[in-house]
Amino acid sequence: MKICFEGIGTFNCEENQSVLELTLKNKIPLNHSCGGNATCGTCRVIVKSEIKELPPRNEVEQEMAEDRDFELRERLGCQLACYDGLIVEIPQEEVE
């Protein structure tokens, strides 16, 4: 599977690997102050690929999204599993 980070490049990802795990493996700067537990919201990414391909948020991510008024395309990198063709943007304020 391949995932594209806008302005950075395309990377291979493993099944069930989160976007955050992929960034850590490939040294792509993305904040993650809670260690991937979906409690801080600092690993927020913007999905640029088709919304219809996007898996639903899990319960933890949904709660964070509601608390922070996330748009549909705003997802937590620690909770979003990579899938083939996923295109994401890392907002500038989310870079370490």
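All figures in this text were calculated on a predicted structure; none of them were measured in a lab. Residue numbers start at 1 and run along the sequence shown.
Residues A38 and C78 approach most closely at N-SG, 3.6 Å, considering heavy atoms. The minimum heavy-atom distance linking P91 with I46 is given by the pair CG-CG1, 3.8 Å.
A donor-acceptor contact shorter than 3.5 Å links the side chain of Q17 to the backbone of E14. A distance-only check finds a donor-acceptor pair linking the side chain of S49 to the backbone of I87 [under 3.5 Å]. Without hydrogens or angle criteria, N58 side chain to V60 main chain gives a donor-acceptor distance under 3.5 Å.
Between I3 and V19, some side-chain heavy-atom pair lies under the 4.5 Å cut-off. Contact of the E61 side chain with the F70 side chain is not registered, since no non-hydrogen atoms from C-beta on lie closer than 4.5 Å. Using a 4.5 Å heavy-atom threshold, the side chains of C4 and F11 count as separate. Within the 4.5 Å cutoff, the side chain of C34 has no heavy atoms near those of the T42 side chain. Contact annotation: the side chain of L24 approaches that of H32 to within less than 4.5 Å [non-hydrogen atoms, C-beta and beyond]. L54 is listed as a side-chain neighbour of L80, based on a closest heavy-atom distance under 4.5 Å.
Take E50 and apply the side chain to side chain donor-acceptor pair (under 3.5 Å) test, not counting sequence neighbours, and it matches no residue. Considering only residues two or more places apart in sequence or on other chains, E74 meets the salt bridge (Lys or Arg N to Asp or Glu O under 4.0 Å) condition with R44. Under the rule for a salt bridge (Lys or Arg N to Asp or Glu O under 4.0 Å), the partners of E89 that lie at least two apart in sequence or sit in another chain are K48.
Here SG of C82 is found 8.0 Å from CD of E21. Values are rounded to the nearest 0.5 Å. The CD atom of Q79 sits 8.0 Å away from atom CG of N37, with the distance rounded to the nearest 0.5 Å.
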Q. Going through the checks in order, is the side-chain contact (heavy atoms from CB on, under 4.5 Å) test met by R57 and M64?
A. CA-CA 10 Å; R57 292 180 171 116; M64 173 70 69; over 6 Å; no
Q) Can you check side-chain contact (heavy atoms from CB on, under 4.5 Å) on I51 and R73, steps first, answer last? A) CA-CA 7 Å; I51 289 291; R73 292 186 178 274; 3.3 Å; yes
(Q) Assess the residue pair I8 and I90 against the criterion (side-chain contact (heavy atoms from CB on, under 4.5 Å)); give the C-alpha distance rounded to whole Å, side-chain angles, the decisive distance to 0.1 Å, and a yes or no. (A) CA-CA 9 Å; I8 298 172; I90 299 173; 4.1 Å; yes
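Screening D84, N12, T10 against K2 for a side chain to side chain donor-acceptor pair (under 3.5 Å) leaves a single residue, N12.
The hydrophobic cluster containing I28 also contains V47, counting ILVMFWY residues as joined when their side-chain heavy atoms lie under 4.5 angstrom apart, directly or transitively. Cluster annotation: L76 and L22 are assigned to distinct hydrophobic clusters (Ile/Leu/Val/Met/Phe/Trp/Tyr, side-chain heavy-atom contacts under 4.5 Å, transitive).
Atom CD of Q62 has more than 12 heavy atoms from other residues, nucleotides or ligands within 6.0 Å.
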